[in-house]
Amino acid sequence: MSRAPILRYVPGDSAVHRLWGGTKLSVLMGLSLAVAAVPTWSVELAAFVVLLLAWGAARLPRGWLPRPPAWLVVALAVPVVIGSIQGGSPAGFGGLLTMLRGTGVALLFVLGALLFAATTPSAQVAPSLAVLLRPLRPLRLPVDDVVLVTALSVRCLPLLVEEVTTAYAAWRLRLPARERRRAVSVGRFLLTAVAASARRARELAEAMHARGGPQPPQRPAVRFGAGDALAVLLLAGVVAVAVISS
Amino acid sequence: MTLLTLTGVGHVYDAGTPWEHRALSDVDLAVEAGEAIAVHGHNGSGKSTLFRIVTGVLRPTEGDARLDGRPLTDHRELVGACLQQARLQLFGATVDDDLSLDPAVPPAAQVSALQRVGLDPLVDGPRRVDELSGGQQRLLAIAGALVRRPRLLVLDEPFAGIDPDNAERILLALAHARDDGIATMVLTPDPDEAQASGRVVEIAAGRVVRP
């Protein structure tokens with residue numbers, strides 16, 4: 001693990017890279033629903049196995065996985081410690097096991113998101129979502145709006161992160177350490193970050209308006225191959241475990 | 001007297017990851033106290049990385065960066081920085097608010113800093129930051145940096161997208177700063193702006209090609 005940037009695409013030509021974006025989204029959604037609906041050890045284990053298989057098949061280079069910051073490790077360890085002193089069956093480990101299972105679900109979501117981002121170009125996300133949500137259109141759900149917002153979010157998030165990072169660096173440069181600790185200074189920084197984000201959003205809206213208003217994302221042909229079928233089969237296996245467990 | 005010394009400075013972003021890339025290599029640079037220096041280079045030449053290192057925001061992965069003989073990252077308060085997007089470094093609602101972020105700065109110094117950049121303390125002081133034009137925001141950012149009495153003032157593309165009047169004001173503000181013994185460093189992709197801003201250092205592909 002390294003100080004890798006999070007949620008960034010790693011170019012490659014592995015079996016997982018070649019999967020259709022919609023397949024990866026569906027499998028992730030299915031795994032998340034399965035472990036959320038039936039949070040048993042067997043379902044979690046099955047979901048982890050699927051993710052680990054995908055990780056291996058993605059042939060990602062060393063260093064792609066970001067190193068968790070120390071505060072996150074502590075934040076994860078605290079509930080585990082609390083759970084371990086809570087007792088409960090079996091043999092006084094009930095609390096600990098419950099906490100570990102909850103932490104496992106969180107790790108599963110994070111690993112799934114990282115794997116998806118590392119193997120899927122961001123330009124594929126909105127078009128894949130458009131295809132997946134198409135069946136909901138007859139229900140008069142705002143499918144186009146959801147897809148458009150997703151496309152804009154995926155595109156703008158890196159810009160926003162960069163601006164806030166720059167504003168934070170400027171804040172540290174302009175204010176002495178004693179001033180930065182004051183709540184009012186933190187509030188000023190947040191206001192500047194919000195103002196900068198609002199300005200960026202306005203510029204984006206003006207640019208879209210100048211080009212004739214929001215355009216629905218292009219829908220490329222769905223490439224559903226053998227790899228996609230295998231991924232869906234694996235998801236079906238996890239769902240089967242969940243059904244049996246429940 | 002040498003103020004800033006960069007010795008063999010290089011920087012690699014995201015080292016040890018699939019996104020690893022080198023932005024600077026083996027940069028040697030010395031800036032004297034009160035000197036005017038301009039770093040000229042095209043987009044992607046490494047100017048922004050150099051800006052981050054010189055302002056102490058980024059610790060170089062290679063080499064040594066010192067200000068007054070001390071590690072630069074430990075003495076960021078001696079460096080004033082002006083970003084290309086000036087709005088990102090304005091943290092007050094009004095011009096006066098922004099200059100009084102640090103209560104240790106006396107009001108007289110705030111007035112002086114505004115006058116140094118050609119803004120009127122009485123007229124512009126009560127104005128909201130978001131009412132200012134892009135050029136005026138940049139002037140205010142320079143005033144905000146000057147008010148802390150830095151030893152070195154670093155500006156990232158200060159003339160980008162502003163009118164000739166405000167560009168002239170910026171050049172004048174830099175001249176005033178040097179009169180006060182503050183060294184100025186302007187990073188720009190424009191050769192004419194570089195010539196107007198002081199001794200030109202040429203940077204290309206992360207290396208100094210003309211010291």
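A note on names: the letters A, B, ... follow the listed sequences, proteins ahead of strands, and every chain is numbered from 1. Computed from a predicted structure; not experimentally measured.
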Please round to the nearest 0.5 Å and tell me the distance separating atom OG1 of B:Thr17 and atom CZ of A:Arg67. 11.5 Å

Among A:Ala195, A:Ala170, A:Ala193, A:Gly187, the residue with the most heavy-atom pairs under 4.5 Å to chain B is A:Ala170

As an exercise: rank A:Ala169, A:Pro176, A:Ala196 by heavy-atom pairs under 4.5 Å with chain B and give me the winner. A:Pro176

Quick check: does any side chain N or O of A:Trp64 sit under 3.5 Å from a backbone N or O of B:Trp19, one acting as donor and the other as acceptor? no

Those residues of residues 203-212 of chain A, ordered by number, that approach chain B below 4.5 Å (heavy atom to heavy atom): none

Max heavy-atom pairs within cutoff under 4.5 Å with chain B, candidates A:Arg199, A:Arg174, A:Glu163, goes to A:Arg174

Positions in residues 45-63 of chain B that reach chain A, provided some heavy atom is under 4.5 Å away: B:Thr55, B:Val57

Are there residues of residues 113-125 of chain A that reach to under 4.5 Å of chain B by heavy atoms, and which ones? none

Toward chain B, the part of A:Leu173 with a non-hydrogen atom under 4.5 Å: both

B:Arg128 CZ: over 12 foreign heavy atoms closer than 6.0 Å: no

Non-hydrogen atoms of chain B under 4.5 Å away: do they reach the side chain of A:Arg62, the backbone, both or neither? backbone

List the atom of A:Arg178, the atom of B:Asp102, and the distance in Å for their closest heavy-atom pair. NH1-OD1, 3.2 Å

Do the non-hydrogen side-chain atoms of A:Leu60 and B:Pro18 ever get within less than 4.5 Å of each other? no

Decide, yes or no, whether a salt bridge links A:Arg188 with B:Asp98 under the criterion of side-chain N to carboxylate O below 4.0 Å. no

Residue-level contacts of residues 83-91 of chain B with chain A, using a heavy-atom cutoff under 4.5 Å: B:Leu83, B:Gln85, B:Arg87, B:Leu88, B:Gln89, B:Leu90, B:Phe91

Heavy-atom pair count under 4.5 Å with chain A, highest-scoring of B:Pro103, B:Ala81, B:Ala93: B:Pro103

Under 6.0 Å from the NE2 atom of B:His21, do we count more than 12 heavy atoms belonging to anything else shown? yes

